[in-house]
Trainee: 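I am attaching a structure below and will ask some questions about it afterwards.
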Protein chains: 2
Amino acid sequence: MSQSSAYRDVQELCRAGFLDPVLGAGYVLGPAFIEYDRLLRQGDTLIPIASRVMRGLLDGTTQRATAILCRRYRDTVMCVHQEHGTGPHPITTYERGVAMPLFAGASSKVVLAHLEDRALKRIYLDSEDTIRARLGHGDWKAFKAEVRAIRKAGVVETASEVAAGRVGIAAPVVVNKQVIAGISLVLGEDALGSASTAFQQAVIAAARTISDEIAQGDTWVAR
Amino acid sequence: MSQSSAYRDVQELCRAGFLDPVLGAGYVLGPAFIEYDRLLRQGDTLIPIASRVMRGLLDGTTQRATAILCRRYRDTVMCVHQEHGTGPHPITTYERGVAMPLFAGASSKVVLAHLEDRALKRIYLDSEDTIRARLGHGDWKAFKAEVRAIRKAGVVETASEVAAGRVGIAAPVVVNKQVIAGISLVLGEDALGSASTAFQQAVIAAARTISDEIAQGDTWVAR
DNA sequence: GCATAATTCCCAAAATGTGCGAATTTTGAA
DNA sequence: TTCAAAATTCGCACATTTTGGGAATTATGC
């Protein structure tokens with residue numbers, strides 16, 4: 001665009017609080033984003049409920065982990081809250097505001113697998129190539145088989161898919177037969193040891209607790 | 001506006017991620033704000049430095065408090081980070097994303113008082129009425145006198161100004177003779193006891209530590 | 001103090017958003 | 001399942017808004 005327009009637009013973004021001038025360093029994102037993110041956090045009824053359950057999950061499994069809450073936004077799954085264990089836990093790159101594709105990571109996979117078939121088919125057709133590359137499936141049938149397996153188990157465990165040496169165990173938060181979120185436990189392979197099955201059960205139970213508590217209150221389901 | 005325009009605009013905001021449709025409940029703020037807030041947190045060099053110092057401040061004073069980091073944004077002071085003590089601390093309404101006017105609360109006052117005289121005069125003239133109401137000053141001279149007192153002390157203590165029964169103790173983070181932030185300790189009157197002077201010194205020291213560490217690194221000062 | 005760069009201002013042309021009514025889809029009740 | 005009412009999208013002529021070039025002004029660095 002022209003210089004005039006650039007100056008005008010940047011000025012307007014500053015006035016609106018979406019950009020913020022920095023002395024001698026141009027501009028950074030403005031304070032409006034901080035305010036709006038707080039409004040989101042405040043309005044999100046899922047977070048306070050999940051937050052408590054997530055701390056309980058760490059108590060019941062290991063403090064050498066991070067519990068993560070993810071919401072689905074269109075064709076991505078975004079982390080909206082995390083609770084760190086009190087023990088030495090691995091550095092998580094997956095924190096509030098990070099979006100992942102639907103095909104990578106335990107949280108994504110568990111959310112994907114619990115979508116209704118209609119949505120699932122649409123996503124499959126939209127990104128057949130990506131799915132092949134990521135999941136190594138040959139066709140819709142094989143994909144559907146894995147989805148069915150995940151639904152039956154109600155839990156997904158992945159290793160080194162989001163970050164090297166890290167294991168993710170995820171279960172779906174389901175309200176009115178709709179996945180509205182995924183909850184997962186992220187830990188180093190060493191912290192997992194042979195507790196895989198026990199931890200899976202704990203994550204499933206935590207997800208169910210959240211689901212039940214949400215169902216009892218006012219239901220707000222993301223479309 | 002017309003219905004058509006309303007539909008179109010909402011659609012576009014959804015596509016851009018600034019709104020998010022909710023089944024049966026209209027719309028909520030969209031995921032873009034969460035993403036942009038994360039980018040802000042990531043790009044903010046102040047937060048990791050201050051975060052560590054703030055935890056140290058709680059260790060050195062009381063865990064029955066919350067440490068708060070505030071940045072100035074035009075004519076407001078906004079909380080950008082908080083660290084809760086491990087003890088039973090008061091519920092803080094002042095958390096990331098909350099903006100306060102320049103005249104209420106310890107953090108605001110300490111930032112206000114350390115602005116350069118030019119900016120100070122402009123603000124005084126812009127909002128003489130508010131200042132009279134909030135601070136009870138008669139005129140510029142009295143206002144200036146209080147500002148000078150705060151500058152000399154290098155610390156502000158306020159009681160029940162942001163929330164009832166809550167005390168705030170704030171000191172400025174100064175880089176290149178510019179206030180770029182304020183750090184404060186928020187606690188209940190009971191948790192303060194007679195430790196006022198000691199805590200004030202601790203907050204001043206914490207603010208100075210942050211200032212020094214920032215000054216050593218690359219300097220990014222908000223305009 | 002001066003030259004150069006950065007920024008704002010002004011205005012006609014271009015383009016984008018606007019609102020109307022019609023067409024289509026969704027919803028809720030029978 | 002049917003049907004009417006409401007909700008939503010569509011298409012289009014028109015008007016407001018945005019755009020970019022260049023002049024004017026202001027900041028910056030040497």
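Numbers restart at 1 for each chain; the letters A, B, ... are given by sequence-line order, proteins then strands.
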Trainee: Is A:Tyr7 near enough to C:dT8 that one of its side-chain N or O atoms lies under 4.0 angstrom from OP1 or OP2?
Mentor: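 The answer is no; no side-chain N or O of A:Tyr7 sits under 4.0 Å from OP1 or OP2.
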Trainee: Please report the shortest heavy-atom distance between A:Ala207 and A:Val173, naming the atom on each side.
Mentor: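 In this case the closest contact between A:Ala207 and A:Val173 is O-CG2, 4.3 Å.
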Trainee: Listed by chain and number, what are the ring pair (Phe, Tyr, Trp, His ring centres under 6.0 Å) partners of A:His81, not counting sequence neighbours?
Mentor: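 In terms of ring pair (Phe, Tyr, Trp, His ring centres under 6.0 Å), with neighbours along the sequence ignored, A:His81 is linked to no residue.
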Trainee: Under a 3.5 Å cutoff, is there a donor and acceptor pairing between the side chains of B:Tyr7 and B:Gln11?
Mentor: no
Trainee: Could you go over nucleotides 17-20 of chain D and give all protein N or O partners under 3.5 Å, atom names and distances?
Mentor:
unit_1: D:dG20; atom_1: OP2; unit_2: A:Ser2; atom_2: N; d: 3.1
unit_1: D:dG20; atom_1: OP2; unit_2: A:Ser2; atom_2: OG; d: 3.2
unit_1: D:dG20; atom_1: OP2; unit_2: A:Ser5; atom_2: OG; d: 2.8
unit_1: D:dG20; atom_1: N7; unit_2: A:Arg8; atom_2: NH2; d: 2.9
unit_1: D:dG20; atom_1: O6; unit_2: A:Arg8; atom_2: NH1; d: 3.1

Trainee: So what is the end-to-end bend of the helix from C:dG1-D:dC30 to C:dA30-D:dT1, with 5 pairs used at each end and the value given to 10 degrees?
Mentor: 70°
Trainee: Do A:Glu83 and A:Thr66 get their side chains close enough for a donor-acceptor pair, meaning under 3.5 Å?
Mentor: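 No, no side-chain donor-acceptor contact under 3.5 Å.
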Trainee: Using 30° and 60° as the class limits, which term best fits the ring planes of A:Tyr36 and A:Phe18: parallel, tilted or perpendicular?
Mentor: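 Rings of A:Tyr36 and A:Phe18: parallel, under 30°.
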Trainee: Under a 4.0 Å threshold between the charged nitrogen and the carboxylate oxygen, would B:Arg132 count as salt-bridged to B:Glu128?
Mentor: yes
Trainee: Looking only at heavy atoms, which two atoms of B:Gly154 and B:Ile204 are closest? And how far apart?
Mentor: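 Scanning both residues, the minimum pair turns out to be O-CG1, 3.7 Å.
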Trainee: Is the shortest distance from a Lys or Arg side-chain nitrogen in B:Arg151 or B:Asp117 to a carboxylate oxygen in the other one below 4.0 Å?
Mentor: yes
